[in-house]
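Shown next, in structure tokens, is the structure this report addresses.
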4 protein chains.
Amino acid sequence: MEKRSAVILGASGIVGQRFCQMLSNHPYFNITGLFGGSASDGKKLSEVLRLPEYCISQTELLNERINHLDVGSVRKIDPDIVFSALPNDLAREVELDLASHGIPVFTNASANRMREDVPLVVPEVNSECLEMAQGKEGYIVANGNCSSIGLALSLKPLLKYGISDVNVTTLQAVSGSGYPGIPSLDIMDNLVPYIQDEEEKMAREIPKMFGSLESGKIRNSAIKIHPTCIRVPVRDSHLEVVQAAVNQDVTPGEVKEAFRNFISSPQEMGLPSAPEKPVVLREEENRPQPYLDSMAGSPERARGMAATVGRVEVSGRIIRYVTLSHNTIRGAAGGSVLNAELMFKRGLV
Amino acid sequence: MEKRSAVILGASGIVGQRFCQMLSNHPYFNITGLFGGSASDGKKLSEVLRLPEYCISQTELLNERINHLDVGSVRKIDPDIVFSALPNDLAREVELDLASHGIPVFTNASANRMREDVPLVVPEVNSECLEMAQGKEGYIVANGNCSSIGLALSLKPLLKYGISDVNVTTLQAVSGSGYPGIPSLDIMDNLVPYIQDEEEKMAREIPKMFGSLESGKIRNSAIKIHPTCIRVPVRDSHLEVVQAAVNQDVTPGEVKEAFRNFISSPQEMGLPSAPEKPVVLREEENRPQPYLDSMAGSPERARGMAATVGRVEVSGRIIRYVTLSHNTIRGAAGGSVLNAELMFKRGLV
Amino acid sequence: MEKRSAVILGASGIVGQRFCQMLSNHPYFNITGLFGGSASDGKKLSEVLRLPEYCISQTELLNERINHLDVGSVRKIDPDIVFSALPNDLAREVELDLASHGIPVFTNASANRMREDVPLVVPEVNSECLEMAQGKEGYIVANGNCSSIGLALSLKPLLKYGISDVNVTTLQAVSGSGYPGIPSLDIMDNLVPYIQDEEEKMAREIPKMFGSLESGKIRNSAIKIHPTCIRVPVRDSHLEVVQAAVNQDVTPGEVKEAFRNFISSPQEMGLPSAPEKPVVLREEENRPQPYLDSMAGSPERARGMAATVGRVEVSGRIIRYVTLSHNTIRGAAGGSVLNAELMFKRGLV
Amino acid sequence: MEKRSAVILGASGIVGQRFCQMLSNHPYFNITGLFGGSASDGKKLSEVLRLPEYCISQTELLNERINHLDVGSVRKIDPDIVFSALPNDLAREVELDLASHGIPVFTNASANRMREDVPLVVPEVNSECLEMAQGKEGYIVANGNCSSIGLALSLKPLLKYGISDVNVTTLQAVSGSGYPGIPSLDIMDNLVPYIQDEEEKMAREIPKMFGSLESGKIRNSAIKIHPTCIRVPVRDSHLEVVQAAVNQDVTPGEVKEAFRNFISSPQEMGLPSAPEKPVVLREEENRPQPYLDSMAGSPERARGMAATVGRVEVSGRIIRYVTLSHNTIRGAAGGSVLNAELMFKRGLV
């Protein structure tokens, strides 16, 4: 199949640059334009890059200039597909405008995530909801909040035990606050037990992700999420301490087996950015750790796309475990790229 | 009343040095000997000090030499009281030996904490258990694990609501692992979701702390603690995310009021190291934070002795909050000093 | 003598808050107004405080409201003295305006530092330059850049050896970039070998600080400074690695003696914020360190006011050493407070 | 040419694991044995791994067991070549023993570095000294201290200007202290201006590296190195601030050109671990930085093998610049691997 032309919005930000990383030399997509805010206007990607340069394997991309974001210009380019890492205040209108002009938009912004007509898709969790886009020329597919994605991935294999309530404490990396994001004086040798809107997002997104598609609409799951979100002095990856109440008896062995055996459509379809296993189970008592596990996932293109789960325990009908996933790869750019790969493989973009 | 002579065991370690800090120029106690391991043998306190020097307000203490630990030498000094920050393998025998020779031992070691004849006391929580020592000449009083103490302090005002189960995720500072403790390569820009024995300690200590004294013996409380302990790249203070299941309805306002109004014996008796309020309630959504709140507590001698509580919420019959306390002050040396002050004030040492 | 009324400009910033700390319960000055930018307009100091609360010993100050900065309102208050921690773009005009209206301004801003009519004073280095203010009603006294102050303090005792060239590498803490200052993503687990304008400031300020006062004007010293300034992931204190070329032979012992014996006017006059010794010499091979030495200086009011020097060596006619000083205390607020104390004690404010 | 069998000594340490990384799937060498201390005895590499697993591209290596180090067992295996990351106390004898039994040893240990019969080789700097090994069956080739290697690489292109004296301040990462290495309490939010033996090593190694080979012996260069070494809270890479005194006039443009054009034997021979450019010149004022530049070097196998130079300035006859290199790749394992590749390509192993 021919490669699709792709434009990245918000290309100068932390997530935008992860889009550049994941889409460089991509087998399905071809980057034909980078757009960003006025601060990066006309600058080369290399001039605003906050990742080590080797992350961009398609090296000529480093010399690509970032265009001033203007929805008219984007439309004029008429890409086959748009990846959006826009800030929320811009995202709402720009994404709707592009979709209404027939362009599929795969977004990491939260602005349109909860709209009734926008599927909120974690590919291994609810790819069936992409159906909502079928038949449409333009549409928006949202990927979810970084902390929701990691949690949803790890809960999915346990759904069969009937999850009612989930208590979760998140330890979230600073890259989740974007750039410039959280000031060093606020987080060096410190912890901040609050992240604006984060707990609300988790509480409302997971029920939508676990919802069922009924006559073209999503009916939210009744699952209840009780999150406490904490910013920690770590560069990348969110670690989440989870207690999931289930409504049947289950052994630790069964739970581990469920994690270990879990695969889903992206794996079955052999998508390029799909990790062999969406959840890597570790038996060591001191894992997962950001330094060791944030880039879990193979093949190389899927590094950072697997969640790692450890410390699995069961007490009564509470399953307890710790999960870790890369917040700007799996929890942001990578999630949208995988959504787009799914749609491409199904011939829908 | 005359000052009591006090000897510090394990004086060269992180907790031992906090004992030096808290006992320097103390109104009740007078340091008459420092004892430590072979590495610090004969060295001056200043030579092994890992705190800024101004922490030791009694400056001549900096020139005090650390003696080789040998239980015979300690006994020969015959101090009125011993503070122990010994490693566990040494603590068990040394502390029992000293107690059996008529010396009261206030210990931070965990070795003898769960013995039937050793009260495990957080002064604001269960000072009545000090009764167990009454009438004895020598005895051991233990203070509890750093993460247990912080949790117990914050749970105490909620006991009246009937706490059955407590789920807690701890984010623990590196000073909790002592010196040299956790290597920098393990924790810089990283998180480790496991601390050896820590969860077990919390699960067994809290029921003893909340136990009732029945005919000279402690009958453990039925409260159940479910901890997940995580090491984080922060120098001092443990932050704990708590969900406490209670058996009656309660409003957030009532819970806050309970925290705000909480005082106990140390406050009533005006002990020198007692903070005005054992629990400081913060209403800001992003507190407590280690950098801002670890030294909570006034007067100056009580800095680091108050736990700070924030983010109080109630969902159903679950009370949710975050608490923070200084692990080597409130959670270690300071806890034992306050126990000793209680005993002194009651004329029992 | 009666206390002087003092107003703090830029009170909500990092240096402004250090002014609040150092002037709370001050024996000479009485804070009568806090002024800040629009973000802190009308807020209580406690609401914008980025220091632990116990730093503000005059606790009612925590409830003081920060007024909108407006030079007219400041003038209306007509304080005896103004402390300025304004950003440079504002500082230039505001400070000149206040001085021209007869108000003495002690500033940490760099805007007016190099003006011919503004003395640039490090109290232990060139207090004689305060003479320039004598007889004037309103004037500006500048204190110098944080990295210049630390360097000047440590070079002063060596001036007698005839310093020609100084090579210096600075390792500067993040608080030096103010708030929000350097983003955590830029500095966590990282180093940035560049700080805007910093090297230029050092190169031009030291010659003025070491200049001579000739008929009311400062004639710059011929000393040459070659700095390389690096931002490091440390919260407070600048460490500077110095090689000073002198024009006579000197032994390490003599250099150490010079550091050890150094005192100056603030010490002789017994100023409240003057450290007993402006330079603390450490003989341990691994000192100074930010964690251990940033708060050097006694009495308590002078904590953070002493520079610490270590690793003194001499090779040929190059004196090599490492010095450390607290960048927002000694290198900012404290420097200006000490200047003001000097003027007060001389009866000039 | 056939692959050579290679054994790694000290395989469980930080540098040993970098040997595993760099030699996995290596085109010239085939790992046939891992040896380590008693702590890792019999464990799989994956069980002691302190690198993310994806670093080991030859995944079956993760299941390789680490043998108890015993020189007899190593000899019995009779590898074509040995890579040593042994601690110094062991290295001296073991390496000499193996060499005397006809085995070429490429070592990162410092124990034998200064021996007259051991070439101390940075491949791009003095590969001609490898001649000393020619004709011998067994021999030792040393690679130099991590901070010396980075400095030597960057000085080499400037040698033609006649370097007499080099002043250097190093900011060294914690991985340089090995594992467990520097305790987190010593370095978190802190700097330590001293690293045992480090300055001495730099001062004596650089003259040997820049020495000339005269009738089979190295005659040291007269270059003088004046280092101050500082440990900083960064995981990997050493940043060095250099002032090199040269004995001719030179412009910044010429210096940059010299850095830019620098290539040497490893590049000319197209060695697999040779970076395209041993020195990467950055013109941005805020580079090099550990996070962005530590993995400089392409192709992929050479990541972390290039030094990055920035902030080039000339004042008088002093060339000033900042250089950064990965301490455990370029400055340790990678240096030895490149030495071995050179010997292999020349048919000498």
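Just so it is clear: chains get the letters A, B, ... in the order the sequence lines come, proteins before strands, and each one is counted from 1.
- Looking at B:Asn190, only its side chain comes within 4.5 Å of chain D, counting heavy atoms on both sides.
- Top candidate by heavy-atom pairs under 4.5 Å with chain B, chosen from D:Leu185, D:Val234, D:Val174, is D:Leu185.
- Atom CZ of D:Arg92 sits in a sparse spot, with 12 or fewer heavy atoms from other residues, nucleotides or ligands closer than 6.0 Å.
- Under the 30°/60° scheme for interplanar angles, the aromatic rings of D:Phe19 and D:Phe83 are found to be tilted.
- Of the residues considered (D:Pro183, D:Ser184, D:Gly178), D:Ser184 shows the highest number of contacts with chain B, using heavy-atom pairs under 4.5 Å.
- Between chain D and the options B:Ala173, B:Ser177, B:Gly181, B:Pro233, heavy-atom pairs under 4.5 Å are most frequent for B:Pro233.
- There is a side-chain donor-acceptor pair under 3.5 Å between D:Asn143 and D:Ser336.
- When only modelled atom types and interatomic distance are considered, B:Asn145 and B:Ser110 share no side-chain donor-acceptor pair under 3.5 Å.
- Of the residues considered (D:Ile14, D:Ile187, D:Asp189, D:Asp186), D:Asp186 shows the highest number of contacts with chain B, using heavy-atom pairs under 4.5 Å.
- Here CG of B:Leu86 is found 5.0 Å from CG of B:Leu9. Values are rounded to the nearest 0.5 Å.
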